[in-house]
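Here, residue 1 is the first one in the sequence, and each next residue gets the next number.
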Amino acid sequence: MLVALDSNGKPVNLALKRSQEQLAPLRKSSYYCPQCRRQVIFKAGAIKIPHFAHKHTSTCFSFSESESERHLKGKADLYAWMSNYSIAKIEPFLSPLSQRPDILAANKIAVEFQCSSLTTQLFVERTNGYIQHGYFPFWIYGGPAIARQGEYFKFTAFHRLFFQYSDVFGFWFLAYCPEKEVCTFYSRLTPFTSSLYKASVQNIPLSRLSFPPLFSKQQSIPRFSFAHWLKQKHQWVHKQLYFQQGKYHPFLSDVYESGNNPFLLPEWVGIPVRHMALFKSHPLEWQFYLWKEGLLHTIEEAVACLEKYVEKGRLQLNVFPLIQSPNLYQLVEEYLALIQTASPESLKSSSHTYKQMEREKRFSAQYEELIISRLFL
Ligand SMILES: [Zn+2]
């Protein structure tokens, strides 16, 4: 923690930069936790930035976990940055909701700089607590760097909790690295599998960023090739077949039970669609169920159909606590708009693998541009 009370009950804020000489007199006083009022230790050693800590095992409601250097420094950096642009309070206790964000900016932006993993339930509870009391939750990821896998970035279920959405940037994710003092902004996040994403990436030193941050809209769109997408789609099916007990995989058994072959489905089943990140399931899965049900004519019917399969556990949605819109309605609307352009022939499954390869080539030539142009706004 960066703020504690001295013996007169006055807050002492260690997020404000102090020299060793300025810190020296502070060592003589006693300090108390603003939450549980127990005595805390003043720590100003050589490694971690100056901070306060509970003694040993603490059952403190607000400050239960021991804080890493990364978290302490990140919190102090972000506080200093935000203070340059608006009123910022560090570790304030918001009594109506009994929550203590890392920082409160402009009296309404509740900032959480999250370095360690957190359960989905806790992330959702904290987020909803802020929203219900009129605060704007602003989560910044501070954990280990997002791993790269070739041209993809790996966003785990925990990372995906931080996703936000805007029309300009599509799905986006913000990270801050206290060691480098650099913010990394991932935008136009486009899933190729449930955890591998393509993205536009901007690295910006915190000192060059205003608050609230404004990122460049001129960022290039991630390279997207339809041939590559098809290859990944086929690989995905192979993986499900070989690693997840083949026909006993619920989706694949539904495909076989309906008299189809997952490799011979129409080309329109399993295309990339804007907002597809809403689903954790592959587009092949949810688009298959829509197709199997005869591509219901109204958006409402199609949404109800997908919700039914979600309820049955056949399809999985991602949990995005920070995103209210887009929702399934907009995803289905976009997919059905694309399908409008399909020829009746291309909505039938093929009979042979070689025919399917030919069809896919023709399909790519005809629709690649349209599909990719609609992926990003
Ligand atoms: Zn305490």
Side-chain angles (χ1 to χ4, degrees), residues 140-177 180 182-205 215-244 263 267 269-287 316 318 320 323 326 331 334-335 338 357 360-361 363-365 367-377:
I140 301 172
Y141 174 75
I146 299 300
R148 283 202 82 140
Q149 214 165 298
E151 51 195 313
Y152 304 104
F153 295 95
K154 195 175 163 82
F155 287 93
T156 64
F158 171 61
H159 296 140
R160 296 199 293 273
L161 294 172
F162 293 77
F163 277 22
Q164 301 224 40
Y165 182 87
S166 79
D167 285 345
V168 176
F169 296 114
F171 290 88
W172 61 266
F173 176 94
L174 182 64
Y176 175 65
C177 171
K180 296 181 187 154
V182 164
C183 275
T184 306
F185 180 65
Y186 299 83
S187 61
R188 297 191 173 103
L189 287 160
T190 311
F192 272 69
T193 71
S194 59
S195 61
L196 294 182
Y197 284 72
K198 281 214 172 193
S200 301
V201 184
Q202 298 178 56
N203 287 303
I204 306 156
F215 298 99
S216 166
K217 293 174 188 169
Q218 308 307 322
Q219 199 53 16
S220 62
I221 284 172
R223 260 188 324 120
F224 196 101
S225 116
F226 196 68
H228 198 167
W229 172 267
L230 286 175
K231 202 178 134 203
Q232 283 282 356
K233 180 174 98 172
H234 295 153
Q235 269 179 12
W236 180 84
V237 177
H238 277 293
K239 244 189 183 167
Q240 311 312 310
L241 275 170
Y242 292 107
F243 297 113
Q244 304 198 13
F263 292 104
E267 298 84 278
V269 176
I271 57 165
V273 185
R274 194 194 313 155
H275 311 326
M276 64 183 165
L278 291 174
F279 269 109
K280 182 171 177 251
S281 305
H282 195 284
L284 187 67
E285 297 179 89
W286 60 266
Q287 291 171 20
Q316 274 102 44
N318 270 316
F320 292 142
I323 299 176
L331 172 66
E334 175 63 15
Y335 182 59
L338 277 165
M357 284 162 68
E360 280 182 357
K361 262 187 214 156
F363 181 83
S364 297
Y367 294 106
E368 175 169 23
E369 212 186 305
L370 171 76
I371 290 172
I372 293 177
S373 71
R374 291 184 69 121
L375 256 186
F376 307 102
L377 281 171

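Remark: side-chain polar atoms of Ser195 are not paired, donor with acceptor, to backbone N or O of Thr193 under 3.5 angstrom. Looking at Thr184, its side chain never comes within 3.5 Å of a backbone N or O of Asn203 through a donor-acceptor pair. Arg160 places no side-chain N or O within 3.5 Å of a backbone atom of Ala277 that could act as its donor or acceptor partner. Panel note: side chain Gln240, backbone Val237; no donor-acceptor pair is recorded below 3.5 Å. Judged purely by atom type and a 3.5 angstrom limit, His234 has no side-chain atom pairing as donor or acceptor with the backbone of Lys231.
Each of Phe158, Phe169, Tyr141, Phe320 was checked for a ring pair (Phe, Tyr, Trp, His ring centres under 6.0 Å) with Phe163, and the lone residue meeting it is Phe320.
Between Tyr335 and Trp286, the ring center distance clears the sub-6.0 Å criterion. For Tyr186 and Tyr197, the distance between ring centers is not under 6.0 angstrom.
For His238, the side chain to side chain contact (heavy atoms under 4.5 Å, CB included) test picks out Tyr242, Phe263, with sequence neighbours left out. Qualifying side chain to side chain contact (heavy atoms under 4.5 Å, CB included) partners for Glu334, counting only residues two or more places apart in sequence or in other chains: Val273, Arg274, Leu338, Arg374. Applying the side chain to side chain contact (heavy atoms under 4.5 Å, CB included) criterion to Pro272, with sequence neighbours excluded, gives Phe224, Phe226, Trp229, Met276, Ile371, Leu375. Shown here are the side chain to side chain contact (heavy atoms under 4.5 Å, CB included) partners of Arg148, two or more places apart in sequence or in another chain: Phe153. For Lys198, the salt bridge (charged side-chain N to carboxylate O under 4.0 Å, His left out) partners are Glu151, not counting sequence neighbours. Considering only residues two or more places apart in sequence or on other chains, Glu267 meets the salt bridge (charged side-chain N to carboxylate O under 4.0 Å, His left out) condition with Arg359.
Minimum heavy-atom separation, Asn318 to Phe279: ND2-O, 3.6 Å. Annotation for Pro326 and Phe171: closest pair CG-CZ, 4.2 Å, computed over non-hydrogen atoms. Among all heavy-atom pairs drawn from Phe173 and Ala175, the shortest one is CE2-CB, 4.1 Å.
Ring pair Phe192/Tyr152 is tilted by interplanar angle, where 30° to 60° counts as tilted.
Side-chain contact between Tyr367 and Ile271 is absent, with no heavy-atom pair separated by less than 4.5 Å.
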